[in-house]
Amino acid sequence: MISLYDYELSGNCYKVRLLLSMLGIEYQTKVVEFYPAAEHKQAAFLAVSPLGELPVLQDGELILPDSQAILAYLATQYDKSGTWHPQTSPTIAAQVTQWLCFANALTSSASAARLADGFFYDFDIDECRTRAHRLFRILDEHLWLQERDKQNWLVNGDAPTIADIACFPYIILSEEGGISRMDYPAIRRWTDRIKRIPGFIVMPGVFPAGPGA
Ligand SMILES: N[C@@H](CCC(=O)N[C@@H](CS)C(=O)NCC(=O)O)C(=O)O
């Protein structure tokens with residue numbers, strides 16, 4: 001059975017849990033106490049993944065760190081519909097990859113601000129917030145243009161992709177790093193759409209969609 005080295009409060013772990021749930025994949029959790037025990041920096045975990053970062057997925061012989069790589073693997077291996085990691089054209093595939101990279105930039109900005117605020121990490125929080133707002137503005141404008149073209153998701157198509165799942169957690173958790181989404185209406189509408197995808201699950205700090213369309 002698939003194992004996920006997981007920490008409940010990690011947004012990068014949450015994105016993997018989200019896709020596992022949306023794909024209906026059974027798995028077991030191996031809890032790694034990120035804070036305050038810092039088990040991800042201790043020998044037992046470093047033997048699994050020398051990077052010392054969460055999440056890590058184990059599927060048979062495969063041990064895979066990095067949440068974006070894990071999303072790509074799970075979608076390629078287990079999504080029979082092919083919609084989560086579409087290969088319909090080189091352009092579409094490249095755009096999914098581009099947003100996966102954007103999600104990693106959210107980790108080093110919005111997530112870093114949250115780590116500084118909530119987990120006492122010694123980061124320059126104002127600088128992290130400034131970089132996060134720059135990314136949020138880019139995302140909001142992209143989503144506004146997508147909506148104008150009758151597109152609901154980051155990448156054109158009728159269905160969400162792993163790009164949406166990768167970017168969602170550190171957007172929806174942004175207030176925990178002191179980053180308001182007040183000025184980003186298209187982002188707010190997009191997060192609401194994600195919450196309505198079948199199989200959506202929450203984590204602490206993330207709430208289900210309210211009643212409505
Ligand atoms: N690019 C990696 C980043 C993973 C990452 O930064 N994970 C955090 C927890 S959310 C971590 O383990 N940080 C520890 C560290 O960087 O030392 C991914 O997307 O999985």
Side-chain angles (χ1 to χ4, degrees), residues 2-23 25 27 29-59 62-77 84-85 95-125 127-129 131-132 135-136 139 154 160-179 194 201-206:
I2 291 177
S3 297
L4 177 64
Y5 291 83
D6 185 35
Y7 177 62
E8 193 185 16
L9 301 182
S10 156
N12 281 320
C13 294
Y14 173 50
K15 64 181 83 164
V16 176
R17 296 196 299 269
L18 259 181
L19 188 66
L20 285 164
S21 172
M22 289 168 174
L23 289 176
I25 298 171
Y27 67 102
T29 297
K30 299 198 174 179
V31 175
V32 180
E33 277 303 324
F34 178 85
Y35 182 84
E39 283 179 358
H40 59 301
K41 300 297 181 199
Q42 293 172 19
F45 182 74
L46 293 174
V48 177
S49 177
L51 275 179
E53 291 181 352
L54 292 168
V56 171
L57 188 93
Q58 182 163 13
D59 190 8
L62 176 70
I63 294 184
L64 189 62
D66 195 280
S67 56
Q68 279 65 240
I70 295 170
L71 295 182
Y73 168 73
L74 288 172
T76 310
Q77 178 76 337
W84 282 105
H85 194 192
Q95 287 171 341
V96 169
T97 304
Q98 181 229 312
W99 287 109
L100 296 182
C101 296
F102 187 93
N104 207 41
L106 291 171
T107 293
S108 55
S109 54
S111 165
R114 177 172 172 263
L115 287 176
D117 248 2
F119 298 80
F120 307 105
Y121 270 58
D122 187 19
F123 294 146
D124 180 343
I125 193 164
E127 200 262 336
C128 292
R129 285 176 183 152
R131 280 192 292 117
L135 295 175
F136 281 38
L139 183 63
L154 285 175
T161 69
I162 54 172
D164 298 283
I165 301 306
C167 292
F168 175 75
Y170 289 120
I171 297 288
I172 202 70
L173 292 167
S174 69
E175 305 271 356
E176 294 186 3
I179 300 159
I194 289 182
I201 51 168
V202 296
M203 66 167 273
V206 178

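These figures come from a predicted structure and were not determined experimentally. Throughout, residue positions are numbered sequentially from 1 according to the sequence presented. We count ligands from 1, going down the list as the structure has it; atoms in each ligand are counted the same way.
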Minimum side-chain heavy-atom gap I162-W99 below 4.5 Å: no
May I ask you to test the L64-V56 pair for a side-chain heavy-atom distance under 4.5 Å? no
Can you tell me which residue and heavy atom of the protein come closest to atom 3 (C) of ligand 1, and the distance to 0.1 Å? E53 OE1, 3.5 Å
Do Y73 and L62 make a side-chain contact, defined as non-hydrogen atoms from C-beta onward lying under 4.5 Å apart? yes
Under 4.0 Å from one or more heavy atoms of H40, ligand 1 contributes atoms 12 (O), 14 (C)
Sub-4.5 Å side-chain heavy-atom contact between D59 and L74: no
Side-chain contact, heavy-atom cut-off 4.5 Å: D6 with R17? yes
Pick one of side chain, backbone, both or neither for how Y14 approaches ligand 1, counting any non-hydrogen atom pair under 4.0 Å. neither
Within ligand 1, which atoms have a heavy atom of P55 less than 4.0 Å away? 20 (O)
Is there a donor-acceptor contact under 3.5 Å from the side chain of Y170 to the main chain of N12? yes
S67-ligand 1 polar pair, N/O distance under 3.5 Å: yes
Please state which protein non-hydrogen atom is closest to atom 12 (O) of ligand 1 and give its distance, to 0.1 Å? L54 N, 2.9 Å
Which residue and non-hydrogen atom of the protein lie closest to atom 17 (O) of ligand 1, and at what distance in Å? K41 NZ, 2.6 Å
Of the backbone atoms (N, CA, C, O) and the side-chain heavy atoms from C-beta on, which set of I70 has a member under 4.0 Å from an atom of ligand 1: side chain, backbone, both, or neither? neither
Would you call R129 and D117 a salt bridge, using N to O less than 4.0 angstrom? yes
Report yes or no: does Y170 have a heavy atom closer than 4.0 Å to ligand 1? yes
For atom 2 (C) of ligand 1, which protein heavy atom lies nearest, and how many Å away is it? D66 OD2, 3.4 Å
Nearest non-hydrogen protein atom to atom 10 (S) of ligand 1, with distance, is S10 OG, 3.1 Å
Kindly identify the option in Y5, Y121, F34 whose heavy atom sits closest to atom 13 (N) of ligand 1. F34
With under 30° as parallel and over 60° as perpendicular, where do the rings of Y121 and F34 fit, or are they tilted in between? parallel
